[in-house]
Amino acid sequence: MSVTQQAVYEPLTEITAIKLSKKLQLFSEQEALTCREIGDGNLNLVFHVTSDQSNRGLIIKQALPYAKVVGESWPLTLKRATIESNALLEFAKYVPQYVPEVYYTDETLAITVMEDLSHLQISRAGLIEGESYPLLSQHIGEFLGNVLFYTSDFSADAKAKKESVKSFINPDLCKITEDLVFTDPFFDHDTNDFEPELKQDVEKLWEDVAVKLEVAKLKQKFKTSGEALVHGDLHTGSIFADSHTTKIIDPEFAFYGPLGFDLGQFVANLLLNALSQKEESRNVLYAHIAKTWEVFSQTFSTLWRNEGRDHYTKTEGYLDYVLQRIWKDAIGFAGCEVIRRTIGLAHVADLDGIEPYEKRIATKRQALRLGRALLLSQTTLSSPAELEDLVKQTA
Ligand code: SR1
Ligand code: MG
């Protein structure tokens, strides 16, 4: 649903966000509302509107015409708000239980009004505090298995899929990933951000031809493989959770991309959290990685066998080939993500919050070794257990 009521874009304030909620009749006229801007991400405004009487709430997310993390010198399309709303609606066709409900969207204001998830916690924050989220990997595996299968050519009608690809063309946000994930961290670029103690390690990486060749192949894959609708930024900060619920948010980077991309980003962020934890607390993260892959591959395989539309889904060996390729690509994408979250523009609190400083530097060195090892082991690592061994070898 798109109901444009404002002729021009303007950033909301806490006061106008309340007025908008009233105007949309999402609360009754008499209800006293409170609003707080709670956006702590890199790009957008997020307003939490609550009713003092009924205890009900909602979220209004609004895109800014620039990247908040850098400022107005980095203009950014408002169209990402529409991509985000449409992606949430598309995901909801297959797995409504894993996304917030969208109540309203407005292209001009670049807003999505959606379900209040404030009873849940951002999973990155919880994992840092030692929460284990027992169902996180089960849910993410089901989310990915369903969305990736149903939006891929193995299931979707060929013409309808191409129409959908068109509506999710997202060049500006893809460019951010092409630069920040696949390019800048591997060159001496001014967006990079790392501690002086890491300079030698980083310079060594910039000279590593074998690593750069793998990243070049992955970047090309990211730019050219429109295999299925991907979230595009599936890190643990894009996931709300508690012990029985998981909700995936923020798909403004969504586009038709490689099947292994989201899996790689999610796994990378679990690995970064594992590195930040004490040795004895890491098993829960390794178990999440193994479970994500197990549930994803089972879900995807069951759908493939029961609902595969393409003739070749019946061909012996094809499913195994596709799954192996997804795993291999995911390992490579995870390598890029681990490196960029360590030395690129957008860091993660898992690493930046490590105290004391010497330990933080040592962990970041390990993250760089791990990222490199992932990139160079894509063809040899065949299971989550081998991935766990690889992490241990980088200690
Ligand atoms: C300028 S945007 C930096 C990062 O924030 C987003 O969440 C994406 O991960 C992007 O790469
Ligand atoms: Mg985001």
Side-chain angles (χ1 to χ4, degrees), residues 1-51 54 56-69 71-72 74-93 96 98-118 163-176 229 231-233 238 240 247-256:
M1 172 179 63
S2 179
V3 188
T4 305
Q5 303 209 335
Q6 305 264 339
V8 287
Y9 171 87
E10 60 181 83
L12 294 174
T13 62
E14 290 172 347
I15 293 171
T16 56
I18 289 181
K19 280 192 184 150
L20 181 70
S21 311
K22 286 270 166 114
K23 190 165 157 188
L24 295 173
Q25 299 184 330
L26 294 165
F27 296 95
S28 70
E29 196 46 51
Q30 305 81 348
E31 273 179 288
L33 301 181
T34 306
C35 177
R36 267 191 330 123
E37 201 282 310
I38 55 166
D40 62 352
N42 293 325
L43 301 177
N44 306 293
L45 296 173
V46 181
F47 297 92
H48 184 205
V49 184
T50 47
S51 157
S54 64
R56 282 185 315 118
L58 54 79
I59 292 293
I60 304 178
K61 179 170 173 183
Q62 183 178 41
L64 284 166
Y66 53 87
K68 199 169 79 178
V69 66
E72 294 186 32
W74 187 339
L76 206 52
T77 177
L78 294 175
K79 286 194 188 130
R80 65 188 194 273
T82 307
I83 294 269
E84 172 159 346
S85 301
N86 289 343
L88 288 173
L89 294 170
E90 184 67 20
F91 297 155
K93 288 183 190 166
Y98 298 137
V99 284
E101 189 181 339
V102 173
Y103 301 140
Y104 174 80
T105 67
D106 185 316
E107 284 200 40
T108 308
L109 277 178
I111 57 167
T112 307
V113 183
M114 62 190 129
E115 185 181 350
D116 180 7
L117 300 175
S118 58
E163 286 299 327
S164 186
V165 170
K166 212 159 63 177
S167 72
F168 281 102
I169 296 283
N170 196 359
D172 296 38
L173 282 279
C174 283
K175 177 78 166 72
I176 291 180
L229 181 64
H231 177 285
D233 197 24
S238 298
F240 269 111
K247 295 276 184 182
I248 290 140
I249 59 162
D250 275 4
E252 67 204 306
F253 284 75
F255 76 114
Y256 274 76

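Please read all numbers here as calculations on a predicted model, not as lab measurements.
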Worksheet item: What's the verdict on side-chain hydrogen bond (donor to acceptor under 3.5 Å, both in side chains) for N44 and E252, showing C-alpha distance, side-chain angles and the deciding distance?
Response: CA-CA 10 Å; N44 306 293; E252 67 204 306; 3.0 Å; yes

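- For the pair K61 and E84, the salt-bridge criterion is met [side-chain N within less than 4.0 Å of a carboxylate O].
- For the atom pair T105 OG1 and L88 CG, the distance stands at 10.5 Å (nearest 0.5 Å).
- When all heavy atoms of I18 and C35 are compared, the pair lying nearest together is CG1-CB, 3.5 Å.
- Note on R56 versus E31: salt bridge recorded, some NZ/NE/NH1/NH2 to OD/OE distance being below 4.0 Å.
- Within 6.0 Å of NZ in K79 there are 12 or fewer heavy atoms belonging to other residues, nucleotides or ligands.
- Nearest heavy-atom pair, D250 versus S238, reported as atom, atom and distance to 0.1 Å: CB-OG, 4.1 Å.
- Pairing each heavy atom of R80 with each of L43, the nearest pair is NH2-O, 3.2 Å.
- A side-chain N or O of S85 and one of T112 form a donor-acceptor pair less than 3.5 Å apart.
- Within the model, atoms CE of M114 and OH of Y104 stand 14.0 Å from one another, a figure rounded to the nearest 0.5 Å.
- Applying the 6.0 Å contact sphere to NZ of K175 captures no more than 12 heavy atoms from other residues, nucleotides or ligands.
- The distance from atom OG of S28 to atom CG of L33, rounded to the nearest 0.5 Å, is 8.0 Å.
- Of the possible donor and acceptor atoms, one in the side chain of E115 sits under 3.5 Å from a partner among the backbone N and O of E101.
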Item to complete: Using the side-chain contact (heavy atoms from CB on, under 4.5 Å) rule, take I111 and L12 through it: C-alpha gap first, then chi angles, then the decisive distance, then the call.
Response: CA-CA 9 Å; I111 57 167; L12 294 174; 4.1 Å; yes

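- Residues P65 and L76 are not in side-chain contact: their nearest non-hydrogen atoms beyond the backbone lie 4.5 Å or more apart.
- Taking the side chain as every heavy atom from C-beta outward, I176 and W74 approach each other to under 4.5 Å.
- Rounded to the nearest 0.5 angstrom, L173 CG and D233 CG are separated by 9.0 Å.
- The side-chain heavy atoms of H231 and I248, taken from C-beta on, include a pair separated by under 4.5 Å.
- The two residues K68 and G39 have their closest heavy-atom pair at NZ-O, 3.3 Å.
- The minimum heavy-atom distance linking V46 with I59 is given by the pair CG1-CG2, 3.7 Å.
- Between the OH atom in Y256 and the CG atom in L229 there is a gap of 5.0 Å [rounded to 0.5 Å].
- Here the CG-OG1 distance, from N170 to T77, works out to 8.0 Å after rounding to the nearest 0.5 Å.
- The nearest pair of heavy atoms linking L64 to Y9 is CA-OH, 3.5 Å.
- Looking only at side-chain heavy atoms (C-beta outward), T34 and V49 stay at 4.5 Å or farther from each other.
- Side chains of E14 and F47 form a contact here, defined as non-hydrogen atoms less than 4.5 Å apart.
- With a 4.5 Å cut-off on side-chain heavy atoms, N86 and T82 count as touching.
- Between I169 and S167, every side-chain heavy-atom pair lies at or beyond the 4.5 Å cut-off.
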Discussion item. Could you go through V113 and V102, starting from their C-alpha distance and side-chain angles, then the distance that decides it, and tell me whether this counts as side-chain contact (heavy atoms from CB on, under 4.5 Å)?
Written reply: CA-CA 6 Å; V113 183; V102 173; over 6 Å; no

Discussion item. Test side-chain contact (heavy atoms from CB on, under 4.5 Å) on F168 and I83; report intermediate values, then the result.
Written reply: CA-CA 6 Å; F168 281 102; I83 294 269; 4.2 Å; yes

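- Looking at heavy atoms from C-beta onward, Q62 lies in side-chain contact with L109 at the 4.5 angstrom threshold.
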